[in-house]
Amino acid sequence: MTHGPQGGPAADGTPRDWTDGHVERWLPVLPTLDPDIEGAVTRMEKLTVHLRRVREQSLVDFDLERHEFDTLHKLAGRGGAASPSELAADLDLAPASVTGRLDGLERRGLVRRTPSRRDRRRVDVELTESGTTAWEGAMEILGREEERLLHVLPAEERRRLSDMLRRIMTVAEKGGDAGWR
């Protein structure tokens, strides 16, 4: 399924997108296809791919590997400092894997490890100024694109969209082991 006709607006004046052509092409093949479900799921998938590409480009722009960004992101989410075991839990990784990541990030000057203030047998990991700058820069690019896309909707519609997606997510989260983190 590669291309669908975009054409002009629909009869009601609503702009058409790629997915409209996709749904039209598949309805004769799958007559029981619910066009609203197919349209919603396909659009969510396309948006996810688009935002993933923007994120990956932002990582290139800030010279970050995906695993480096993920580690900086989890660290930033803890206020810029955490223990290696907290990061391992947040990243759903074995502690040894986190140690390897931290070694690389520390060599690049993106994090620093210092003796723990609570327990001298342990270390704390902190974002450096360079790590914060790289993480914030990558996040800003993605945030701008998310805002560009969603600001076509007024605030109340964005709120309703978020609420509707929440209702769908609660069903998805209850329905299987998809590793929600």
Side-chain angles (χ1 to χ4, degrees), residues 40-170 172-174 176-181:
V41 170
T42 301
R43 286 181 178 98
M44 286 187 286
E45 288 173 347
K46 289 283 195 184
L47 283 169
T48 298
V49 168
H50 172 73
L51 291 172
R52 185 174 295 127
R53 286 179 182 149
V54 170
R55 181 184 57 230
E56 295 305 321
Q57 183 58 54
S58 74
L59 298 183
V60 169
D61 293 348
F62 286 90
D63 192 28
L64 291 171
E65 298 291 327
R66 175 61 199 220
H67 69 276
E68 292 173 324
F69 174 81
D70 290 345
T71 305
L72 296 176
H73 187 69
K74 295 299 184 182
L75 193 53
R78 287 189 169 269
S83 70
S85 60
E86 289 170 329
L87 287 174
D90 290 350
L91 292 162
D92 197 23
L93 292 173
S97 296
V98 171
T99 298
R101 283 185 181 199
L102 295 176
D103 289 344
L105 289 167
E106 193 168 40
R107 275 192 301 275
R108 293 191 55 202
L110 300 173
V111 301
R112 75 173 138 291
R113 289 182 266 202
T114 59
S116 172
R117 294 176 195 95
R118 296 176 301 211
D119 183 344
R120 2 179 241 181
R121 297 169 295 172
R122 298 186 181 266
V123 297
D124 288 326
V125 182
E126 300 173 339
L127 281 171
T128 62
E129 187 174 327
S130 295
T132 300
T133 299
W135 174 76
E136 286 176 346
M139 288 294 294
E140 182 180 341
I141 290 170
L142 183 57
R144 276 196 314 257
E145 183 62 5
E146 290 170 348
E147 286 188 26
R148 183 184 77 85
L149 295 174
L150 289 170
H151 269 89
V152 302
L153 302 174
E156 181 53 36
E157 287 183 7
R158 290 192 306 268
R159 190 173 302 102
R160 278 198 318 251
L161 175 62
S162 182
D163 290 344
M164 288 185 288
L165 290 171
R166 180 182 303 107
R167 289 181 7 224
I168 295 167
M169 284 301 301
T170 59
E173 289 171 352
K174 290 178 188 172
D177 184 25
W180 303 105
R181 285 199 171 243

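We number each residue from 1, following the sequence as shown.
Between V54 and R144 there is no side-chain heavy-atom pair separated by less than 4.5 Å. Two residues are said to be in side-chain contact when any heavy atoms from C-beta on lie closer than 4.5 Å; L110 and L64 meet this criterion. R101 has its side chain out of reach of L87: every pair of non-hydrogen atoms, C-beta onward, lies at least 4.5 Å apart. Contact check for V111 versus T71: no side-chain heavy atoms found under the 4.5 Å cut-off. Between P84 and T99, every side-chain heavy-atom pair lies at or beyond the 4.5 Å cut-off. Side-chain contact between R55 and R66: present, with at least one pair of heavy atoms (C-beta onward) separated by less than 4.5 Å.
Remark: of the listed residues V125, D70, T132, L105, V125 is the sole one forming a side-chain contact (heavy atoms from CB on, under 4.5 Å) with L75.
Contacts classified as ring pair (Phe, Tyr, Trp, His ring centres under 6.0 Å) and involving residues 72-112 (residues at least two apart or in different chains) are given here: F69-H73, H73-W135. Here side-chain hydrogen bond (donor to acceptor under 3.5 Å, both in side chains) pairs that include residues 148-160, with residues two or more places apart or in two chains, are E145-R148, E156-R159.
Between the side chains of S130 and T128, no donor-acceptor pair of N or O atoms lies under 3.5 Å.
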Show your reasoning for whether side-chain contact (heavy atoms from CB on, under 4.5 Å) applies to L150 and L161.
-> CA-CA 10 Å; L150 289 170; L161 175 62; 4.0 Å; yes

Test side-chain contact (heavy atoms from CB on, under 4.5 Å) applied to I141 and Q57, step by step | CA-CA 9 Å; I141 290 170; Q57 183 58 54; over 6 Å; no

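Atom CE of M44 sits about 6.5 Å away from atom CG of L165, to the nearest 0.5 Å. Distance CG/D124 to CZ/R78: 11.5 Å, rounded to 0.5 Å. Separation of atoms CG (D61) and CD (E56) is listed at 11.5 Å; rounding is to 0.5 Å. The distance from the CG atom of D163 to the CD1 atom of I168 is 11.5 Å, given to the nearest 0.5 Å. Residue E140 holds its CD atom at 7.0 Å from CZ of F62, rounded to the nearest 0.5 Å. Distance check, rounded to the nearest 0.5 Å: NZ of K74 to CG of L93 gives 10.0 Å.
Nearest heavy-atom pair across V98 and A88 is CG2-CA, 3.5 Å. The shortest non-hydrogen separation linking L51 to E146 is CD2-CG, 4.0 Å.
The pair E86-R122 fails the salt-bridge criterion, with no side-chain N (NZ, NE, NH1 or NH2) lying under 4.0 Å from an Asp/Glu carboxylate O.
Considering only residues two or more places apart in sequence or on other chains, D103 meets the salt bridge (Lys or Arg N to Asp or Glu O under 4.0 Å) condition with R113.
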